[in-house]
Amino acid sequence: ATASAHGGNDCDFVEGTTRTKLCGTADCPVHCDGGWSDVDVCSATCGGGSQLERFTVATASAHGGNDCDFVEGTTRTKLCGTADCPVHCDGGWSDVDVCSATCGGGSQLERFT
């Protein structure tokens with residue numbers, strides 16, 4: 001600062017005076033935030049099925065922030081119910097030979113297949 005002289009006006013502040021001013025007042029970027037949620041139930045409980053899901057935007061981008069990779073309401077199909085299905089026993093008894101007696105009680109060998 002230059003001091004006043006020869007009848008010049010004094011500065012409004014003395015040298016060394018400090019003050020705080022606002023800065024960085026631009027809005028910060030807001031990045032999009034969203035996610036997928038199931039729309040319906042899986043078409044199968046095992047062996048492989050499909051399920052519709054929809055993208056929902058929770059926070060929209062603003063002030064130069066990154067957009068979401070998908071727009072609100074975008075749908076896609078995902079795999080689900082991919083566990084192996086249970087395999088139940090399927091078999092029965094069959095005669096291996098003839099009965100040992102025609103009356104009075106006998107025995108006969110059977111095999112389960």
Side-chain angles (χ1 to χ4, degrees):
T2 302
S4 61
H6 314 293
N9 294 333
D10 290 334
C11 290
D12 291 336
F13 305 97
V14 296
E15 189 169 350
T17 300
T18 60
R19 68 179 183 184
T20 301
K21 70 175 186 174
L22 292 177
C23 62
T25 57
D27 290 327
C28 292
V30 175
H31 302 299
C32 179
D33 181 35
W36 295 97
S37 58
D38 296 338
V39 173
D40 58 4
V41 296
C42 187
S43 62
T45 56
C46 63
S50 61
Q51 186 173 25
L52 188 66
E53 56 184 4
R54 178 175 287 121
F55 189 80
T56 303
V57 175
T59 304
S61 62
H63 314 297
N66 297 334
D67 290 334
C68 284
D69 292 333
F70 303 94
V71 296
E72 175 80 22
T74 299
T75 58
R76 69 181 182 188
T77 302
K78 71 175 182 177
L79 294 176
C80 59
T82 56
D84 291 336
C85 290
V87 178
H88 302 292
C89 177
D90 182 22
W93 292 98
S94 60
D95 295 343
V96 173
D97 61 6
V98 295
C99 184
S100 63
T102 57
C103 62
S107 64
Q108 184 177 20
L109 187 63
E110 292 182 312
R111 178 173 288 132
F112 185 82
T113 56

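One is the number of the first residue; the rest follow in order along the sequence. Hydrogens, waters and symmetry mates play no part in the numbers below; they use all other heavy atoms, side chains included.
Closest approach of Thr74 and Val71 over heavy atoms only: OG1-O, 2.8 Å. What you find for Asp40 and Leu52 is that their closest heavy atoms are OD1-N, 3.0 Å. Between Glu110 and Asp95, the shortest heavy-atom contact is OE2-OD1, 3.5 Å.
Judged by the 6.0 Å and 45° rule, Arg76 forms a cation-pi pair with Trp36.
Thr113 has its side chain within reach of Ser94: a pair of non-hydrogen atoms, C-beta onward, lies under 4.5 Å apart.
Residues Ser61 and Asp67 have side chains that bring a donor and an acceptor to within less than 3.5 angstrom of each other.
Checking side-chain atoms of Ser100 against main-chain N and O of Ser107 turns up a donor-acceptor pair under 3.5 Å. A donor-acceptor pair is defined here as one N or O able to donate and one able to accept, closer than 3.5 Å; such a pair exists between the side chain of Glu72 and the backbone of Val57.
Pairs of residues two or more places apart, or lying in two chains, that qualify as disulfide bond (SG atoms under 2.5 Å apart) and include a residue from residues 75-113 are Cys42-Cys80, Cys46-Cys85.
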| said: Show, in sequence, the C-alpha distance, side-chain angles and deciding distance for Gln51 and Thr77, and conclude whether the side-chain contact (heavy atoms from CB on, under 4.5 Å) test is met. | reply: CA-CA 5 Å; Gln51 186 173 25; Thr77 302; over 6 Å; no

